[in-house]
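Let me begin by presenting the structure, written as structure tokens, before commenting on it.
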Amino acid sequence: MAKVATSKVESENAIEVRQMHKWYGEFHVLKNINLTVKRGERIVICGPSGSGKSTMIRCMNRLEEHQQGHILVDGIELTNDLKNIDAIRREVGMVFQHFNLFPHLTVLENCTLAPIWVRKTPKREAEEIAMKYLERVKIPEQALKYPGQLSGGQQQRVAIARSLCMNPRIMLFDEPTSALDPEMISEVLDTMIDLASTGMTMLCVTHEMGFARKVADRVIFMDGGEIIEENKPEEFFTNPQNERTKLFLSQILGH
Amino acid sequence: MSDAKSYEPGQHPSLPPPKNLVGWQRWVWDNLFGTVSNTVLTLLSVYLLYLIIPGMLDYFVLDAVISANSRAECAELGKGACWAFIGDRFQVFIYGFYPAELRWRPNLAFVLLFVALAPVLYDNIPFRKYGLMFSLAFPIIAGVLMVGGVFGLEPVDTRLFGGVLLTIVIGVTGITFSLPLGILLALGRYSNLPAIKIVCTVFIEFIRGVPLITLLFVASTMLSYFLPPGTSFDLLLRVLIMVTLFASAYMAEVIRGGLQSLPKGQFEAADAMGLKYWQTMRLIVLPQALKISIPGIVNTFIGLYKDTTLVIVIGMLDVLGVAKSAVSDPVWNGLSVEIYVFVAGFFFICCFGMSRYSMYLEKKLHTGHKR
């Protein structure tokens, strides 16, 4: 059962999922998921809605619990052990579809909260780090505003900066652009492309196929709670193997 | 419009709104005379005010008597309200039967109450940190001052507490302790841990399902049956505990409403960052949930404050109790209007103050548009 949090030794794999299953009550949402993500690898996960792709990446920081199989993140196994969960969450950043910024805190406070309380970084230092990342996502001038005063695209960039402030080794993106107006999608994607260029390990659930082509090392297609197909983007788009993949691609690229 | 100009596409400047859309004329039009029915209602209201106000003014102010020694004297001096009665009874109204030579102690406690409240209510107070420490210590300081018995302060029996003094003691204690207790109960009921959830739910449902009067009777008579023989503690203390528990159950439900209105994403974002349960609650969840619940919380405060008058059923004389006993004073017999207007005025000022503060707070905590 519970393997102890093994080591801080650099494991080559950022994430290792082995024979993982998950149920919601009677409903089998994730079926025998096997996935290895190498350090620095950038993976795009796509699939029709309800295919379990969000659920899968939410399992990787224990926002959702899996019932069978193993998930190792950064060499640490996810179990019911709160110590392991905390250790993993410290190293894994997550960006949500609906940003989930804290509306009662300023942009800067949103960014410094976790470093101050989780990492125990001194406030001054945390603010310097936050400003660095806000500059990185190109909105340092909004630092003292509240999230409610920003546009959707700006909010999502703040959310990315907020995650980066924890200096994570892995970033999970759960449909980061699906709640945005079309003209704001590219500013968020540009930020993500910029992030990819730094060698961050990234798992993105997204339907932005242009983004997938540009930055992904691998594209994973899920349907019905299973990984149906995975391949290099080039191959994936030009030469899909599975019928369901072909159908999906024709649907989203068809017009 | 006659001065309509045409602009090149993309060149149209922002213009001021038309005159009849702004200013007090617009307000008057919108609110008073906009439609036929509005006009009729406005005129009718003005007529009603004309009928009522002069009479009230005469009775309460112009024909009122401020100093007199008895009701008969009052009646000779003027036809209006006999405020002299209130003046005569003022000390009892404020202090109940608190020994006259020791009244500086509740007075001091009352002044310190505001010193303790200031840093809690306003966050721009200088030295707020130290102020808050004082606020935390205030209940003990006030208790010591009022009851005495230590530091050479002469002990005062709590049965002598009465009037405004008693109302404020019960009201302020209930308000101060029911909020934190209510927060804990709400979190408990909202918790994932079944044992805690059940205990909190049962407590809330039981307390809410029983009238406050029943609880006060329990406090005054029945509690001594439940307690081990020989232990008896102060009736006022028992009442304070019951009032606090009663209010905290309501508080818990108000706050739970606030908790439930938070999007799940707030919890998820906090979890994903690695915040611990209490950090999440303190830094993320409660600031938002409490802000949403402000109207309900203040509503509960006001309800509690007015419910303190129920202690009369177990023989304690708060403002209303003192008023009632004053009505039957032979010298001033039958001056119930003045008395009840006075009591109503007292409660209104307190409750209206709370209400205004809550509006100020809501405005201050508003941080831009909701998504």
Side-chain angles (χ1 to χ4, degrees), chain A residues 54 57-58 60-64 82-107 109-120 142 144-152 155-156 158-159 162-163 165-166 168 170-172 174 179, chain B residues 10 122-124 128-129 183 186-187 191-196 255 257-297 358 360-371:
Chain A
S54 282
I57 72 163
R58 287 159 61 88
M60 292 173 187
N61 64 353
R62 238 325 142 102
L63 287 184
E64 304 280 351
L82 288 178
K83 260 204 197 109
N84 287 10
I85 296 176
D86 285 342
I88 286 169
R89 283 176 176 171
R90 274 199 294 273
E91 304 304 331
V92 178
M94 187 163 202
V95 174
F96 298 87
Q97 182 178 2
H98 294 291
F99 332 135
N100 296 351
L101 294 176
F102 304 129
H104 63 300
L105 300 176
T106 62
V107 165
E109 287 165 340
N110 263 281
C111 292
T112 57
L113 186 93
I116 289 175
W117 292 97
V118 179
R119 288 235 192 266
K120 313 288 177 203
Q142 313 284 5
L144 298 179
K145 287 196 185 163
Y146 286 95
Q149 298 165 311
L150 306 185
S151 73
Q155 291 195 41
Q156 194 59 297
V158 171
R162 177 174 75 172
S163 295
C165 284
M166 280 292 278
I170 301 164
M171 285 283 286
L172 307 174
D174 187 2
Chain B
Y122 301 100
D123 60 3
N124 48 5
R128 184 165 187 244
K129 213 170 164 190
I183 291 174
L187 289 180
S191 148
N192 291 326
L193 305 173
I196 292 177
I255 293 166
L259 290 175
Q260 273 172 343
S261 70
L262 284 198
K264 224 177 138 210
Q266 294 288 307
F267 294 87
E268 287 176 354
D271 281 347
M273 287 177 159
L275 290 175
K276 303 238 191 303
Y277 176 82
W278 286 110
Q279 290 175 333
T280 305
M281 291 303 149
R282 191 161 62 84
L283 300 167
I284 310 296
V285 175
L286 284 177
Q288 295 183 63
L290 291 178
K291 186 192 131 197
I292 295 167
S293 326
I294 287 173
I297 291 174
S358 90
Y360 154 82
L361 198 60
E362 270 177 78
K363 207 180 258 174
K364 199 185 82 165
L365 295 179
H366 183 71
T367 57
H369 321 282
K370 279 266 145 66
R371 183 165 41 76

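Chain naming here is simple, since letters A, B, ... match the order of the sequence lines and numbering starts at 1 in each. What you see is a predicted model; the values in this text were computed from it and never measured. Side chains included, hydrogens not; waters and symmetry mates left out as well; all remaining heavy atoms used.
- Contacts of A:D174 with chain B are absent, with no heavy-atom separation under 4.5 Å from either backbone or side chain.
- Of the inter-residue distances, the one linking A:F96 atom CZ with B:Q266 atom CD reads 10.0 Å to the nearest 0.5 angstrom.
- The contact between B:E268 and chain A is made by backbone and side chain atoms together, counting heavy-atom distances below 4.5 Å.
- Minimum heavy-atom separation, A:M166 to B:M273: CE-O, 3.7 Å.
- For B:N124, the CG atom counts as densely surrounded, since its 6.0 Å shell holds more than 12 non-hydrogen atoms of other residues, nucleotides or ligands.
- Of the atoms belonging to A:F102, heavy atoms from both backbone and side chain fall under 4.5 Å from chain B.
- A search for side chain to side chain contact (heavy atoms under 4.5 Å, CB included) contacts involving A:K83 returns A:D81, not counting sequence neighbours.
- Of the listed residues (B:P287, B:A270, B:A269), the greatest number of heavy-atom pairs within a distance under 4.5 Å of chain A belongs to B:A269.
- Annotation: B:K264, atom NZ; neighbour count of heavy atoms from other residues, nucleotides and ligands within 6.0 Å does not exceed 12.
- Shown here are the side chain to side chain contact (heavy atoms under 4.5 Å, CB included) partners of B:L193, two or more places apart in sequence or in another chain: B:S191, B:I196.
- Only the side chain of A:R162 comes within contact range of chain B, judged by heavy atoms closer than 4.5 Å.
- We find the CG-CG distance between A:L113 and B:L275 to be 5.5 Å, quoted to the nearest 0.5 Å.
- A side-chain donor-acceptor contact under 3.5 Å links A:H104 to the backbone of B:L283.
- For chain B, no part of A:R119 is nearby; none of its heavy atoms comes within less than 4.5 Å.
- Proximity to chain B (any heavy atom under 4.5 Å) is shown, for A:I85, by neither the backbone nor the side chain.
- Salt bridge A:D86/B:K276: present, at least one basic N to carboxylate O contact under 4.0 Å.
- Of the listed residues A:V92, A:L172, A:L101, the one with more heavy-atom pairs under 4.5 angstrom with chain B than any other is A:L101.
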Practice task
For the pair B:D271 and A:R89, evaluate side-chain contact (heavy atoms from CB on, under 4.5 Å) and give the outcome as yes or no after the intermediate values.
Solution key: CA-CA 8 Å; B:D271 281 347; A:R89 283 176 176 171; 3.8 Å; yes
